[in-house]
Amino acid sequence: MYLKLLASTVVFTLFILFVKAQPSVASTPPMGWNSWNLFEEEVSEKLVKQIADAMVNSGMAGTGYQYLVIDDFWVGGRNAKNELFPDPVRFPNGMKVLADYVHSKGLKLGIYSDAAALTCGGVTGSYDFEEQDAATFAAWGIDYLKYDYCNAPDDMVSAFARYKKMGDALHKTNRPIVYSICEWGQRQPWLWAKAAGGNLWRTTWDMRDTWLSNEYNAGHNGIINTIDKQNGLEKYAGPGGWNDPDLLVTGLFGKGKSSSLNGRYTGCTLTEYRSQFALWCMLAAPLMVNLDIRNIDSSIKAILLNKDLIAIDQDALGSQASVIYNQNDLEIFKKELSGDRYAICILNRSAENKTFSFSTGSDFKLHGQWMVHEIFTNKRLRSVKKAEGKINAHDCVVYVLNATDASE
Ligand code: GLA
């Protein structure tokens, strides 16, 4: 009897430890759509419903895109009880009705607020109303909160306190809500965001629709600037907490108001968009698209629905790629995957086509023999010891190396 009791206590304790060890949300990087870059103030119930339909019809929902995040400008104000309410013209039936619709499609709804009295766009934020707003979001059925930091104090201590206050408030609702911290990497959020309850934290300024910008410090960052800023942050990423290099500009072609800086950046090439997507997957980054998925062309769809790349991003191990080589504009990223596998990405940073020849042993530090899957050509090779070929300007090559198959 005593032994039976002891055994069941041990099993129960192990179960609790297991449950605790499994993050309830964001066990893999969140995937979805965000309204900001393309639609800015034009968010509405009608738009979000159409995007939800398109998410399903385009096949994106089937490959893992799940969260529809309404960014800034949805707020109407606070009522007499201090409850937030949405802009009545844009969201005439309220957020609960919209959340129900989104859920009926098998998707999840995200929303935006700010750790100050006003958001970046100047509408009502959540400062001093954290518990009430978190309860409101939970009652509406919100599944994701992006929490911005405009109009808030500069220092890290205040940022932590403000983010933790909302983190605790979300936790108190008992609803699984992904908590996305957005202070642009200015106060090293990778050091404290998890302790504030965060599941992802922006590492950079807003993503612009360009390959490389020389004005990072003025808040302009292109794909390459953003990738470089992730270097060294890989140890902070893992199930339940991710570095967030911001949105995928893939497919915007200069159309996003914010990402183009009102037309200043005219967009990227298809090759560059594919490289952004591949690198975001290597970096275990959240995959949040911004384009109008109601009208998505087949070449962009082929990038965003690439199941092999998405599997790299969503791998259960949750490890973020590290740079293992960077010379003459060829950069190699290595990401450990579950099941004794690795992903390798070789990026040509330069505007010239290049040839490459790397050894799996001395360059990739993957000794022994490997079964190699080259993702873009879908070629599978056995017992490979060298990776060689051509790589176009701003393009990349991605391999998955599988040790299990090497002995076959
Ligand atoms: C900040 C954020 C953006 C977006 C806007 C909304 O700039 O970094 O991602 O949310 O605010 O105003």
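As the structure lists them, so they are numbered: ligands from 1, and atoms in each ligand from 1.
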*List the steps and the verdict of salt bridge (charged side-chain N to carboxylate O under 4.0 Å, His left out) for Arg162 and Asp114.*
CA-CA 10 Å; Arg162 288 188 181 211; Asp114 192 292; over 6 Å; no
*So Trp211 and His394, ring pair (Phe, Tyr, Trp, His ring centres under 6.0 Å) or not? Walk me through it.*
CA-CA 8 Å; Trp211 181 248; His394 300 178; 4.2 Å; yes
*Go through ligand 1 atom by atom and flag the ones less than 4.0 Å from a non-hydrogen atom of Gly121.*
12 (O)
*asked:* Check this for me, if you would: do Asp53 and Lys105 make a salt bridge, where the nitrogen-to-carboxylate-oxygen distance has to be below 4.0 angstrom?
replied: yes
*Asp246 N/O under 3.5 Å from ligand 1 N/O*: no
*What part of Tyr112, side chain from CB on, backbone N/CA/C/O, both or neither, has a heavy atom under 4.0 Å from ligand 1?*
side chain
*Please report which non-hydrogen protein atom sits nearest to atom 12 (O) of ligand 1, along with the residue it belongs to and the distance in Å to one decimal place.*
Asp72 OD2, 2.7 Å
*Could you check atom 9 (O) of ligand 1 against the protein and tell me its nearest heavy-atom contact, residue, atom and distance included?*
Lys146 NZ, 2.7 Å
*Lys/Arg-Asp/Glu bridge criterion (N-O < 4.0 Å) met for Asp168, Lys164*: yes
*Have a look at ligand 1 and work out which part of Ser258, if any, has a heavy atom under 4.0 Å from it: side chain, backbone, both or neither.*
neither
*Would Asp228 and Arg349 pass as an ion pair if we require N to O under 4.0 Å?*
yes
*Ion pair present between Glu374 and Lys379, side-chain N to carboxylate O less than 4.0 angstrom?*
no
_Proximal candidate to atom 1 (C) of ligand 1 [heavy atom criterion; set Val123, Val69, Asp148, Asp71]_ = Asp148
*Which ligand 1 atoms does Arg202 reach within 4.0 Å, using its non-hydrogen atoms?*
8 (O), 9 (O)
*asked:* Students should be able to answer this: which protein heavy-atom is nearest to atom 3 (C) of ligand 1, and at what distance?
replied: Asp206 OD2, 3.3 Å
*Show which atoms of ligand 1 fall inside a sub-4.0 Å distance from at least one heavy-atom site of Cys182.*
2 (C), 8 (O)
*Heavy atom under 4.0 Å from ligand 1: found in Phe73's side chain, backbone, both, or neither?*
neither
*Can you list the atoms of ligand 1 that are under 4.0 Å from a heavy atom of Cys120?*
1 (C), 11 (O), 12 (O)
*Within 45° cone of Tyr163 ring axis and under 6.0 Å: Arg187 NZ or CZ*: no
_What I want to find out is whether Glu45 reaches Arg90 closely enough, with some N-O distance under 4.0 Å, to be called a salt bridge._
no
